[in-house]
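Below is one structure, written out as structure tokens; the observations come after it.
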Number of protein chains: 2
Amino acid sequence: MSEAISNLSRKEQVIRKAAELFKEKGYAAASMRDLAHLLGIEAASLYSHIKSKEEILRSLCFDMAAEFQKSLAEVESKNVTASEKLRNGIIGHIQVMAKDLTASAVFMNEHRHLSQPYLRDFLLMRINYINRFKSIIEQGVKSGEFKDSIDKKLAVMTLFSSLNWMPMWYDPGSAIDPLQLGLQLADMLVNGLKKNA
Amino acid sequence: MSEAISNLSRKEQVIRKAAELFKEKGYAAASMRDLAHLLGIEAASLYSHIKSKEEILRSLCFDMAAEFQKSLAEVESKNVTASEKLRNGIIGHIQVMAKDLTASAVFMNEHRHLSQPYLRDFLLMRINYINRFKSIIEQGVKSGEFKDSIDKKLAVMTLFSSLNWMPMWYDPGSAIDPLQLGLQLADMLVNGLKKNA
DNA sequence: CCTACCGATCGGTAGG
DNA sequence: CCTACCGATCGGTAGG
């Protein structure tokens, strides 16, 4: 029993350290020997904790994806205006990323190294997530809250670009905390979409 | 003479094809054998055109960097308001990227695989470029064109995130052309910064 | 642009 | 978690 628990937490140590390495060097350039060295063990020993290098990547990508889905589902369940919904969606997305900036960076930059059929599943989940944000924007256009002059695809991709690069530059030790960051980002993006500021 | 010209253009063929490959698989996961195969030659033959794999990456990254610098320098030379300057900067950045979406994607995603001292030089150029955009935003805050409530680092990083992800999703065959794209992006971002819309 | 090849490194396994 | 090791692949060179 305590052995199982200890194995689990050691596995998580491996995954967390791998996330740091993947973020820093990129998945393809990060070797299992690098990872083992960081953990103070031999490369072969990693395989008593994980099945393969890609299993680590899968676990990082799909765990993050699940968090994003959960956050968005809660946002959608509230009966509020489209601008409010969009704002909450942005704040939620930022909060999820802020909980694990390293995994978020890997999620964003390294998912393409997933093999099939995982890559396909991942991309389907992502397009679904993006489309749900697009729906919120479309609702806002219909309700008159947002300009109808702007291209919806451009709007939603700009939104995602802004959100997804955050883990690359945000310093968690900075004066601005994740909630403030989300609020300011939402303000900058939503007010840019609104008809009247 | 014609041999030199032919070598030059063959070298450029190699670099362009490499850009496509680097964009698709990532620099580290793209092998010189992949590249050779795409060109219909043997891997060893590549080395009569280029010195090394990294030379290709350097050429892609620094050529794009030079284009960005040139575009921004021209924007800065015009004596206009900060919002106009920012708008022109965004349009210029988008136009430069649109001229070579593949190289732009490599510039953005693969520059970290540059070795020293090239990586350092690259990052210094980038921070300089970003800081010049930041100055424009600061001018706009001082002149009262932009809100002073927003964090300047957040604003400029959001701006760059939006710009730099464009090569990942923009379809050059789409109805919206690069100039329209630049205008709409500038509208979405600048009006989000402006005090009064 | 090719054949032939090199040393280094890769992810991973066997067996303890 | 280790030693010992494997086949595959890597970027690149020699010599033509």
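Just so it is clear, the values below take in all heavy atoms, side chains as well, and ignore hydrogens, waters and symmetry mates. Within every chain, numbering begins at 1; the chains are lettered A, B, ... in the order of the sequence lines, protein sequences first and strands thereafter.
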Just by distance, no angles: are the side chains of B:Q13 and B:R10 close enough, under 3.5 Å, to form a donor-acceptor pair?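 Yes, B:R10 and B:Q13 have a side-chain donor paired with an acceptor closer than 3.5 Å.
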Taking atom types as modelled and ignoring hydrogens, do the side chains of A:S162 and B:S162 form a donor-acceptor contact shorter than 3.5 angstrom?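 The criterion, which ignores hydrogens and geometry beyond distance, is satisfied for B:S162 and A:S162.
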Please list, chain by chain and in numerical order, all residues satisfying salt bridge (charged side-chain N to carboxylate O under 4.0 Å, His left out) with A:R112, sequence neighbours excluded.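 Here the qualifying residues are B:E110.
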Applying salt bridge (charged side-chain N to carboxylate O under 4.0 Å, His left out), can you list everything that pairs with B:E54, at least two apart in sequence or on another chain? B:R58
Rounded to whole angstrom units, what separation is found between the NE2 atom of A:H37 and the P atom of D:dC1?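 Distance, rounded to whole Å: 16 Å.
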Give each stem of DNA chain C as a range with a range, requiring at least 3 consecutive Watson-Crick or G-U wobble pairs whose two distances are under 3.5 Å.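 Output for stems: C:1-16 with D:1-16.
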Using a cut-off of 4.0 Å between protein heavy atoms and nucleotide atoms, how would you tag nucleotides 3-16 of chain C 5' to 3' with B, S and -? BB-----BBBB---
Restricting to ring-ring contact (aromatic ring centres under 6.0 Å, His included), what partner residues turn up for B:F160, sequence neighbours left out?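 Partners of B:F160 by the ring-ring contact (aromatic ring centres under 6.0 Å, His included) criterion, ordered by chain and then number, come out as B:H93, B:Y129, B:F133.
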Give a yes or no on this: more than 12 heavy atoms of other residues, nucleotides or ligands lie within 6.0 Å of atom CG of B:N79.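 No, not enclosed.
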Please answer whether the main-chain N or O of A:K85 pairs with a side-chain N or O of A:N88 as donor and acceptor at a distance below 3.5 Å.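 Checked: no pair found.
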Ignoring hydrogens and angles, write down the donor-acceptor pairs under 3.5 Å from the side chains of residues 62-70 of chain A, residues two or more places apart or on other chains.
{"residue": "A:Q69", "atom": "OE1", "partner": "A:R132", "partner atom": "NH1", "Å": "2.7"}

